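Working notes for the structure below.
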Amino acid sequence: MATEPAARPTPALRREAQTAMYQRALGTLPGGTDSNFRAWGKDTVYVDRGKGGMVWDVDGNEYVDLRMGYGPVILGHGDERVDDYVNERMRKGVSFSLTSEDEVVAMELVKELTGWVDKVRMTVSGTEATMHAMRVARAYTGRDKIVKFEGQYHGVHDYALISVSPDDMSELGDADAPVRLAWGRGIPDAVADTIIPARYNDIEALRRLFEARGDEIAAIIVEPVLGNAQGILPKPGFHQAMRALTEEFGILLIFDEVKTGFRFARGGAAEFFGIRPDLATYAKAMGNGYPAAAFGGREEVMSVLPDKVSHGGTYAGNRVAAAAAVKTLTIIKETNALETIHETGRRLQAGLRTVLDPKGIPYVFTGHPCMFGIMFTDTDPSEYRDWANTDHELYDAIAVGMHARGAMPEPDSREPWFMCEAHAAGDTIDRVISIFSDSLDAALEARAHGAFGPEPTGAMAHPGAG
Ligand SMILES: Cc1ncc(COP(=O)(O)O)c(C=O)c1O
């Protein structure tokens with residue numbers, strides 16, 4: 001009997017140092033890491049260094065980095081323009097719990113680049129920024145409830161961890177009556193009860209909700225694209241309709257621009273979609289990886305600070321973060337870094353198309369070329385629940401194969417690929433395309449041999465989407 005060819009072998013990564021580090025770290029850090037999102041069991045990556053668009057683990061394996069630290073590293077790892085400036089400024093001392101000119105300049109740049117933010121304050125993380133923005137909204141409106149969309153991630157404070165990312169969509173409740181799903185234990189019911197989950201891109205449901213409960217609702221917080229599901233885009237007119245609806249009901253609109261800010265456009269997703277929210281949160285790209293973050297908004301709303309609302313933080317506006325924000329935002333303002341990033345993303349998508357189209361596999365690119373995903377489906381996804389109907393097993397198999405071949409997207413099929421300015425250099429993009437192509441072939445071959453589940457019924461019916 002003829003034997004069928006075995007699935008194409010996947011190159012083996014060196015893992016000795018990482019396996020040892022994992023065992024050692026497990027003795028001290030829960031899961032061997034400082035964040036649940038990095039705890040990948042025995043595949044946990046221990047990083048040595050990064051430069052530009054590349055990253056090396058402690059075993060010396062080299063990858064094109066497509067995670068870029070979940071988005072902050074917008075220029076590239078070890079960017080000398082930013083690092084030299086931060087080094088120079090930090091020699092004057094980093095933490096005084098006094099205010100430095102760096103903070104003033106950084107926040108002036110946020111105002112200038114957004115064009116609508118009147119007042120803004122620094123925090124250390126995106127989590128803090130969304131927490132404070134919610135508090136400001138509650139204080140300004142005198143209402144307690146916050147509406148958030150299913151599948152949207154706003155950090156790890158108690159108010160944010162509702163209906164974020166279950167694998168099983170039935171946990172989110174009936175599509176017409178979503179339930180509050182706390183992510184993990186330890187979130188008091190009293191806190192969870194102040195959050196009302198809604199479905200992204202469903203403006204009619206939002207109107208019904210506002211009509212029923214509008215006088216309890218302080219704000220709606222929205223990631224302008226669904227960053228936690230490969231950047232699913234708003235339907236045409238969705239943001240405009242939501243802006244109009246919030247104004248009609250006196251509800252504040254908070255744009256969580258932690259992923260999109262200073263990336264989609266100099267003025268972030270608000271500029272990109274032509275929206276003026278009331279409040280916005282920023283982090284990630286504003287500091288090229290240094291822990292810089294901020295929340296801000298229009299004058300009247302922010303005027304509850306400093307007298308009526310608590311906000312502070314020993315490290316808020318620390319010199320390192322403020323200097324990083326000054327330099328990064330100046331580069332974004334004065335150079336064509338963003339244009340380069342957008343063009344590089346488009347170039348990568350074009351290359352991926354040439355690989356995917358001949359295969360006849362339905363797929364769509366989600367998000368913006370600077371932060372995009374690939375979903376294997378023949379229908380445009382419009383909300384978090386749609387991810388479940390994509391062929392994410394195929395995506396996962398490709399991602400694992402890419403990792404083994406020297407490119408590192410997030411292994412979770414919900415996280416977009418992040419482009420940085422340095423990805424434009426050399427043959428980086430060609431490398432990713434070729435690695436993707438080999439990984440796709442290997443994944444399809446492995447599926448043909450039953451290595452992972454069959455394609456979902458319906459999802460692969462019509463070739464050539466995308
Ligand atoms: C949209 C959004 N908001 C908030 C956060 C939380 O930011 P941080 O991880 O800096 O606390 C994130 C982090 O990924 C995010 O993507």
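Both ligands and their constituent atoms are indexed starting at 1 by order of listing. Note that the coordinates shown come from a computational prediction; the quantities given were computed from them, not determined experimentally.
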What atoms of ligand 1 come within less than 4.0 Å of a heavy atom belonging to [X]?
| X | result |
| --- | --- |
| D256 | 1 (C), 2 (C), 3 (N), 4 (C) |
| S125 | 10 (O), 11 (O) |
| E223 | 1 (C) |
| K259 | 16 (O) |
| H154 | 3 (N), 4 (C), 5 (C) |

F264-H342 aromatic ring centre distance below 6.0 Å:
no
Test of ring centre spacing under 6.0 Å for Y63 and H403
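Yes, ring centres under 6.0 Å apart.
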Within the supplied structure, the quantity of interest is the number of heavy atoms (other residues, nucleotides, ligands) at a distance under 6.0 Å from E101 CD; does it exceed 12?
no
Below 4.0 angstrom, N of the basic side chain to O of the carboxylate: do [X] and [Y] qualify?
| X | Y | value |
| --- | --- | --- |
| R213 | E216 | yes |
| E108 | K111 | no |
| D202 | K235 | no |

Considering heavy atoms of the protein only, find what lies nearest to [atom] and give residue, atom and distance to 0.1 Å.
| atom | value |
| --- | --- |
| atom 9 (O) of ligand 1 | T127 OG1, 4.5 Å |
| atom 15 (C) of ligand 1 | V258 CG1, 3.6 Å |
| atom 14 (O) of ligand 1 | K284 NZ, 2.7 Å |

Tell me the nearest of G71, P224, G126 to atom 8 (P) of ligand 1, using heavy-atom distances.
G126
I254: which of I220, I221, V301, V147 passes side-chain contact (heavy atoms from CB on, under 4.5 Å)
I221
Quick check on Y153 - does any of its heavy atoms sit under 4.0 Å from an atom of ligand 1?
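Checking ligand 1 against Y153, which is what was asked, there is a heavy-atom contact under 4.0 Å.
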